[in-house]
Amino acid sequence: GCENGGLYTAVCSIADAYINERVYFANLPTSTTTTFLAPLNTGGGAKLYIKIRSDGKIQVTDWLNNAVATGSSTLLTGQWYKFSINTKFGNGVAYEIKIDDAVELTGTADQGAANYGLMSVGKSNASDAVIYYDDHELYSGGFPTPTPTATATPTITPTSSGFPCKISLV
């Protein structure tokens, strides 16, 4: 795991990307909304911002940081969550965010005119939230069934075409 993240890159170019990221909230932000995941495009700009609020709700904003939706689940501190994110090429296109395999948010959002290129993990501001990350997985063409479980062993397992590819961070 990695406390409060950094920038991990999986350099690629995928129009329809499926990402699994495991996240642990040791402390939620007390007064701010904090971006903790951001799928980025091939140029490094955000496609979506996935934020945690002080009340434990997830908020999504588009690539221009315009509010898109707020989840209904309240996330708690002290447990791991698996976030599954589907991001696409274009504006007004579908996105989906699952938490522990249950759909939390789905709809359309402006995600910019560039393919998925890498994932930004970590806090976006001086928030007092404490967040840990583990097991970044990237797929094209859909999530595998069943989705993999967390592992502590770093692995990179590409197929002959390079996808699906599981990248585990320790």
Side-chain angles (χ1 to χ4, degrees), residues 2 4-23 29 32-53 57-73 75 81-127 129 131 133-145 147-148 156-169:
C2 178
N4 293 331
L7 183 64
Y8 294 110
T9 61
V11 179
C12 57
S13 180
I14 304 172
D16 189 9
Y18 295 81
I19 305 135
N20 286 332
E21 190 80 47
R22 281 153 186 88
V23 179
T32 60
T33 299
T34 301
T35 299
F36 67 97
L37 292 172
L40 304 180
N41 65 34
T42 52
K47 295 183 70 55
L48 295 171
Y49 295 96
I50 303 167
K51 304 176 180 194
I52 184 75
R53 300 183 338 181
K57 306 277 189 209
I58 298 301
Q59 181 179 24
V60 175
T61 60
D62 68 12
W63 73 292
L64 295 173
N65 212 19
N66 297 312
V68 174
T70 300
S72 59
S73 298
L75 303 184
Y81 293 97
K82 180 177 76 176
F83 283 82
S84 300
I85 304 153
N86 175 227
T87 181
K88 298 182 184 302
F89 175 91
N91 293 318
V93 296
Y95 75 92
E96 180 177 65
I97 298 172
K98 296 178 183 179
I99 301 174
D100 293 335
D101 294 322
V103 175
E104 178 70 12
L105 293 167
T106 186
T108 59
D110 291 343
Q111 298 180 53
N115 285 344
Y116 170 84
L118 53 116
M119 175 65 86
S120 173
V121 299
K123 299 185 303 187
S124 62
N125 55 23
S127 166
I131 306 166
Y133 301 85
D134 199 11
D135 289 336
H136 176 84
E137 301 163 1
L138 171 63
Y139 303 92
S140 63
F143 291 112
T145 305
T147 54
I156 300 176
T157 315
T159 62
S160 60
S161 64
F163 291 98
C165 178
K166 177 180 177 183
I167 303 170
S168 295
L169 304 176

OG1 on Thr70 to CD on Glu104, rounded to 0.5 Å: 10.0 Å
Can you measure from CD1 (Ile52) to OG1 (Thr32) and round to the nearest 0.5 angstrom? 10.5 Å
Step by step, work out the side-chain hydrogen bond (donor to acceptor under 3.5 Å, both in side chains) result for Glu96 and Asn86. CA-CA 5 Å; Glu96 180 177 65; Asn86 175 227; over 6 Å; no
Atom of Phe89, atom of Ala113 and distance for their closest heavy-atom approach: CE1-C, 3.4 Å
Are the side chains of Ile14 and Tyr139 in contact, using a 4.5 Å heavy-atom criterion? no
Any donor-acceptor pair under 3.5 Å from Asn41 side chain to Asn115 backbone: no
Between Met119 and Ile85, is any pair of side-chain heavy atoms under 4.5 Å apart? yes
Taking every non-hydrogen atom, the tightest pair across Ala46 and Leu40: CA-CD2, 3.6 Å
Would you mind reporting whether Tyr49 and Val68 have side-chain heavy atoms less than 4.5 Å apart? no
Starting at NZ of Lys98, measure out to CG of Leu105 and round the result to the nearest 0.5 Å. 13.0 Å
When rounded to the nearest 0.5 angstrom, what is the spacing between OG in Ser140 and CD1 in Ile19? 11.0 Å
In Å and rounded to the nearest 0.5 Å, what is the OG1 to CD1 distance from Thr35 to Ile131? 9.5 Å
Going from NZ on Lys88 to CG on Asp16, what distance comes out if it is rounded to the nearest 0.5 angstrom? 3.5 Å
When every non-hydrogen atom of Ala67 is compared with those of Thr61, the smallest separation belongs to CA-CG2, 3.8 Å
Heavy-atom pair with the smallest gap, counting every atom of Tyr95 and Ala69: OH-CB, 3.5 Å
Any side-chain heavy-atom pair from Thr106 and Ile97 closer than 4.5 angstrom? no
Please answer whether the main-chain N or O of Gln59 pairs with a side-chain N or O of Lys51 as donor and acceptor at a distance below 3.5 Å. no
Has Glu21 got a side-chain atom pairing as donor or acceptor with Tyr81's backbone, closer than 3.5 angstrom? no
Any side-chain heavy-atom pair of Asp135 and Asn20 under 4.5 Å: no
Taking every non-hydrogen atom, the tightest pair across Thr34 and Pro29: OG1-CB, 3.8 Å
Can you check side-chain contact (heavy atoms from CB on, under 4.5 Å) on Leu138 and Tyr18, steps first, answer last? CA-CA 6 Å; Leu138 171 63; Tyr18 295 81; over 6 Å; no
Is any side-chain heavy atom of Asn66 closer than 4.5 Å to one of Asp110? no
What closest approach, in Å, do Pro39 and Thr87 show between heavy atoms, and which atom pair accounts for it? CB-CG2, 4.2 Å
From the list Asp134, Asp101, Asp100, salt bridge (charged side-chain N to carboxylate O under 4.0 Å, His left out) with Lys82 holds only for Asp101
Do any N or O atoms from the side chain of Tyr133 and from the backbone of Leu37 form a donor-acceptor pair under 3.5 angstrom? no
